[in-house]
Amino acid sequence: MESVRRATPVSEKTYDPHAIEPKWQASWESEGLYHITEDTGRPKKYVLEMFPYPSGDIHMGHVRNYTIGDVIARQSTMRGFEVLHPIGWDAFGLPAENAAIKSDSHPAKWTYANIETQKASFRRMGFSYDWDRALATCDVEYYRWGQWIFLKMWERGLVERKSSAVNWCPSCMTVLANEQVVGDGVCWRCKTPVVKRELEQWYFKITDYAQRLLDDLDTLPGWPERVKTMQANWIGRSEGAEVDFELAGADGEPSGETITVFTTRPDTLFGCTFFLLAPEHSLVKSLVEGTEYAGAVQEVVDLAAKESSVERSMGEREKHGAFTGRYVVNPVNGEKVPIWVADYVLMDYGTGAVMAVPSGDERDFEFARQYGLPIVPVIVPEERRERYDSAVLGHVPQEVDWDEAYSGPGVMVNSGKFDGLPGGKDSEGFRAVTESLAEQGKGRFSVNFRLRDWLISRQRYWGNPIPAIHCPTCGLVPVPEDQLPVVLPMDIDITKGQTLADHPEFYQTTCPRCGGSARRETDTMDTFTCSSWYYLRYCDARNDSASWDPDKAGYWMPVDQYIGGIEHAILHLLYSRFWTKVFFDMGLVPSGEPFTNLLTQGMVKLDGSTMSKSKGNVVAPEDMIERYGADALRAYILFMAPPDKDLEWSYEGLDGMFRFLGRAWRLVTEIAEETAGGCGVAAAGDAAAQKLRREMHRVIGKVTDDVERFQFNTAISAMMELVNAANAYRGEVAQGARDLALMREVAVTLTLLLAPFVPHMAEELWRGVLTEDGSVHRQAWPEFDPSAAAAEEVELAVQVNGKVRGRITVPVELDDEEVIEIALSEVASHVEGREIKKVVVVGGRLVSVVVG
RNA sequence: GGCGGUGUAGCCCAACUGGCAGAGGCAGGGGACUUAAAAUCCUCACAGUCUGGGUUCGAAUCCCAGCACCGCUACCA
């Protein structure tokens with residue numbers, strides 16, 4: 001093959017991102033290229049990335065998140081959709097307060113300065129946002145509608161103020177929702193161990209929606225399975241029964257008082273050999289007061305209180321318990337069961353009381369062994385029944401020769417009239433025992449959820465004020481709608497750690513109901529309330545008379561593609577689903593689910609660990625933009641790995657991406673020069689041209705398909721192949737003999753395919769180099785023509801007993817029988833004299849011959 | 001402990017969901033161009049898919065049993 005290498009190019013216009021990127025960013029903005037409206041007649045698509053917290057400079061995680069969204073948005077536009085692609089800032093929150101304290105500034109100043117910094121970075125990245133819809137949740141024009149929503153929730157009975165043991169972060173000096181206590185019992189934001197405090201707080205009754213939140217996960221096929229699993233686990237639905245145990249008085253006689261427990265295994269009730277109360281249970285004190293048991297019980301209570309304030313250790317914790325000296329009566333057999341206090345019983349799950357069945361429950365088993373309590377087998381595998389059945393033994397065994405509890409299915413023994421029934425989760429015995437209890441009024445089928453109400457009040461300044469007033473005569477009074485917004489005052493001395501509770505001008509007010517003097521609520525709302533509806537505000541961001549116009553939400557919602565980090569699998573994504581269901585019930589949105597499809601992107605790592613300032617292993621996006629330009633960074637972060645997988649940063653790889661962009665640039669510019677004098681008419685072309693044309697169409701198909709499946713890494717590699725194929729063609733066919741029309745088509749196609757990935761470079765190639773009209777980002781996506789991609793001949797491998805013994809090249813239109821004939825003659829020497837048992841033809845791939 | 005993910009060339013990653021293990025890139029070797037270097041271009045080698053079984057004409061892909069690493073979760077009755 002003759003190597004027809006160009007000499008020094010005629011034009012020395014090399015790829016220079018620093019010249020073209022700012023130019024097009026300014027141009028797009030002045031043209032209003034990304035400003036969108038509702039009434040275009042094109043189908044809508046809502047592409048959304050989780051909005052950032054304005055923490056300062058952007059990091060690689062942002063780059064990845066927003067680049068993925070930008071490619072989807074841009075390609076969707078080219079494919080004919082009217083695309084809503086907005087951005088904003090989740091701007092309330094504690095870091096602003098902390099930073100302000102440190103720098104003797106104001107949270108607002110810090111926040112808005114950071115927003116400007118990030119905005120500039122996003123512009124430099126070339127993201128196609130409709131800036132006219134940008135918002136910050138700390139803008140009063142935004143948060144006033146959060147207050148309005150709060151009032152609507154209140155009207156609907158979804159707001160509650162109640163006292164209970166709550167999570168308190170001593171570092172953030174505020175309470176936290178359960179979802180915000182992460183990992184090993186630490187604060188989601190500052191990682192400080194959380195302590196329990198009994199406090200009166202504001203809640204949203206998300207538990208009212210527990211069943212719907214669980215059920216509707218099934219309506220989300222476009223969500224990753226693991227996110228749905230995590231949410232289902234968090235909601236934690238358990239089917240079981242409530243069982244009422246009557247408390248025996250101190251004299252041992254029935255007291256008439258009952259304690260109800262929740263159990264998922266009512267079939268094991270006959271094996272209940274002790275009864276447990278959580279240390280925090282309200283009955284504990286009265287049961288032991290003045291008795292010889294008080295001391296030991298108090299020790300357990302004190303230990304538990306200390307435990308929860310100490311960082312919990314990994315793995316199993318040792319169990320502690322003490323007998324109270326009192327008994328309950330087992331409703332199925334009237335037996336007296338001792339009541340113990342145990343620190344493995346949680347006050348905030350179920351009723352805080354547990355029927356302990358050591359033979360069937362791992363924890364109870366351990367506790368029984370530790371304190372020498374009896375273990376009565378009640379569910380045993382059928383084949384071992386005789387060893388434990390009182391009907392055989394003549395007495396009820398009080399001990400088992402087991403190393404662990406048996407919680408699997410089996411047959412009921414030592415259970416009175418239920419003996420012989422199958423036992424286990426959701427078994428016949430499970431139902432029979434519960435029904436029997438129900439008949440006597442001592443129990444009932446019941447469903448229990450792990451999910452608890454969402455604690456939304458925060459004792460912090462930089463948040464959305466809760467629109468409520470405490471009136472000494474009227475009690476809790478909502479701020480009337482026409483008195484909204486409750487404006488967050490700016491004149492606060494944050495360096496002294498002041499909050500609204502230190503601001504009399506704010507909290508001194510009058511009761512809207514009776515006119516008397518009253519105190520305004522000084523807590524602010526959890527920042528997750530702000531992020532629970534921002535995607536709706538984008539639909540109608542400048543509305544100053546409503547949170548949003550339901551018609552506009554009806555047009556854009558639900559979000560077609562949502563993109564963000566897995567860390568919000570429960571937090572933000574659960575809260576947003578909850579609010580959307582409330583809005584749906586209010587008729588404000590068209591669907592009960594906010595996000596139809598969810599893509600959770602992986603982390604960006606360096607040397608195997610996540611980048612973080614504290615580890616000092618951060619690669620700053622701004623530095624990379626400065627060196628290689630935004631386009632190379634965008635393309636590279638997509639090229640390294642599929643979007644949902646973690647990726648390992650490599651500087652060398654970015655070099656390679658920059659080289660590729662340079663090659664693509666050179667290819668298009670050289671073709672532009674070569675075809676500057678006209679292209680002539682497209683000819684049938686020689687073999688080389690045909691090959692290039694096929695390759696071009698194959699790549700169109702591949703890139704289209706890959707973008708649809710979010711396989712941006714392979715989409716980019718396909719574009720590399722197209723560049724390689726075009727260069728091979730130019731190496732093969734001498735200048736003057738080339739098919740100019742085809743080359744021009746390749747250059748145009750490549751530019752269009754590149755456009756969503758490297759928007760600045762593609763725009764410069766389109767308008768500047770190829771001198772085409774309009775913006776490349778308003779062009780139609782290249783049409784894939786399968787027939788143009790199809791080859792006339794295919795090469796097939798011929799296998800004999802699984803080994804490749806030859807190759808044949810056949811016209812694609814040959815039928816299987818003809819292919820087999822050619823294949824057999826190709827491998828005749830391997831088949832000769834042996835019996836052909838089977839021949840398999842895999843179209844376009846291979847022929848497999850099986851011989852005896 | 002529970003749930004989930006990943007394991008393919010020195011490295012990052014592909015493989016039409018059962019069909020010849022390699023598309024692309026990085027790093028490496030060789031070459032062209034250059035007085036030289038950089039840049040650029042051409043070219044080459046390298047693994048039999050974590051291990052052990054099984055199903056199949058055929059397994060990276062499906063099944064079973066393990067191993068390793070990484071997430072999330074965890075006394076939820």
Side-chain angles (χ1 to χ4, degrees), chain A residues 1 3 5-9 14 182-185 224-227 229-230 232-234 236 238 240 261-265 268 276 312 314-319 342-346 348-357 360-364 366-367 448-451 566-567 569-570 602-603 605 608-609 636 639-642 644-657 659-660 662-663 666 702 705 711 713-721 723-724 727-728 731 795-804 807 837-851:
Chain A
M1 181 177 71
S3 181
R5 283 294 118 219
R6 74 212 147 71
T8 314
T14 54
V182 298
D184 221 9
E225 213 48 54
R226 63 176 181 143
V227 173
T229 305
M230 283 165 76
N233 289 343
W234 185 261
S238 294
V261 300
F262 173 78
T263 177
T264 55
R265 293 296 301 276
T268 64
L276 300 169
R312 290 181 199 155
M314 293 290 283
E316 291 237 327
R317 279 181 297 160
E318 203 189 333
K319 295 174 173 54
D343 63 357
Y344 71 96
V345 179
L346 307 174
D348 48 6
Y349 183 79
T351 61
V354 171
M355 61 174 238
V357 182
D361 182 280
E362 203 61 52
R363 297 152 297 174
D364 298 341
E366 194 188 315
F367 192 79
N448 199 47
F449 290 93
R450 203 184 93 107
L451 181 71
I566 187 77
E567 68 273 16
I570 292 168
M603 290 182 296
K605 298 183 164 191
S609 60
Y636 181 55
F639 180 66
M640 278 186 284
D644 55 332
K645 286 172 80 176
D646 288 353
L647 65 77
E648 177 66 31
W649 179 266
S650 140
Y651 291 96
E652 294 76 20
L654 183 53
D655 269 324
M657 180 54 66
R659 283 202 288 272
F660 164 67
R663 279 194 298 151
R666 224 170 300 120
K702 173 85 175 145
D705 192 45
Q711 308 267 321
N713 52 335
T714 50
I716 291 169
S717 80
M719 290 186 267
M720 290 172 168
E721 288 172 74
V723 171
N724 292 346
N727 280 335
E795 191 191 71
L796 302 178
V798 184
Q799 292 183 342
V800 179
N801 286 354
K803 286 197 173 117
V804 178
R807 294 176 184 283
K837 290 188 166 170
K838 195 174 189 177
V839 183
V840 182
V841 179
V842 183
R845 295 269 163 191
L846 55 73
V847 180
S848 180
V849 184
V850 187
V851 297

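So you know, we letter chains A, B, ... as the sequences are listed, proteins then strands, and number each from 1. For the numbers below, each heavy atom of this structure counts, side chains included, while hydrogens, waters and symmetry mates do not.
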Nucleotide N/O of nucleotides 24-34 of chain B paired with protein N/O under 3.5 Å:
unit_1	atom_1	unit_2	atom_2	d
B:G25	OP1	A:R663	NH2	3.4
B:C26	OP1	A:R659	NE	3.3
B:C26	OP1	A:R659	NH2	2.8
B:A27	OP2	A:R659	NH2	3.0

Spacing between [X] atom [atom1] and [N] atom [atom2], to the nearest angstrom:
X	N	atom1	atom2	result
A:D646	B:C69	CG	P	17 Å
A:M603	B:C72	CE	C1'	11 Å
A:M719	B:A14	CE	P	15 Å
A:R666	B:C41	CZ	C1'	9 Å
A:I566	B:C70	CD1	P	18 Å
A:E366	B:C75	CD	P	13 Å

Problem - Which residues share a side-chain contact (heavy atoms from CB on, under 4.5 Å) with A:N233, sequence neighbours left out - result: A:T229
Completion exercise
Residue set satisfying side-chain contact (heavy atoms from CB on, under 4.5 Å) with A:S848, at least two apart, ordered chain then number -> A:Q799, A:V840, A:L846
Exercise for the section: Scan residues 644-654 of chain A for pairs that pass salt bridge (charged side-chain N to carboxylate O under 4.0 Å, His left out), counting only residues two or more places apart or in two chains. Expected result: A:K605-A:D646
Give each protein N/O atom lying under 3.5 Å from an N/O atom of nucleotides 4-8 of chain B, with the pair distance.
none

Exercise for the section: Examine distances only and state if a side-chain atom of A:Y636 and a backbone atom of A:S650 form a donor-acceptor pair shorter than 3.5 Å. Expected result: yes
Please list, pair by pair, any protein nitrogen or oxygen found under 3.5 Å from a nitrogen or oxygen in nucleotides 57-63 of chain B.
unit_1	atom_1	unit_2	atom_2	d
B:C57	O2	A:S848	OG	3.0

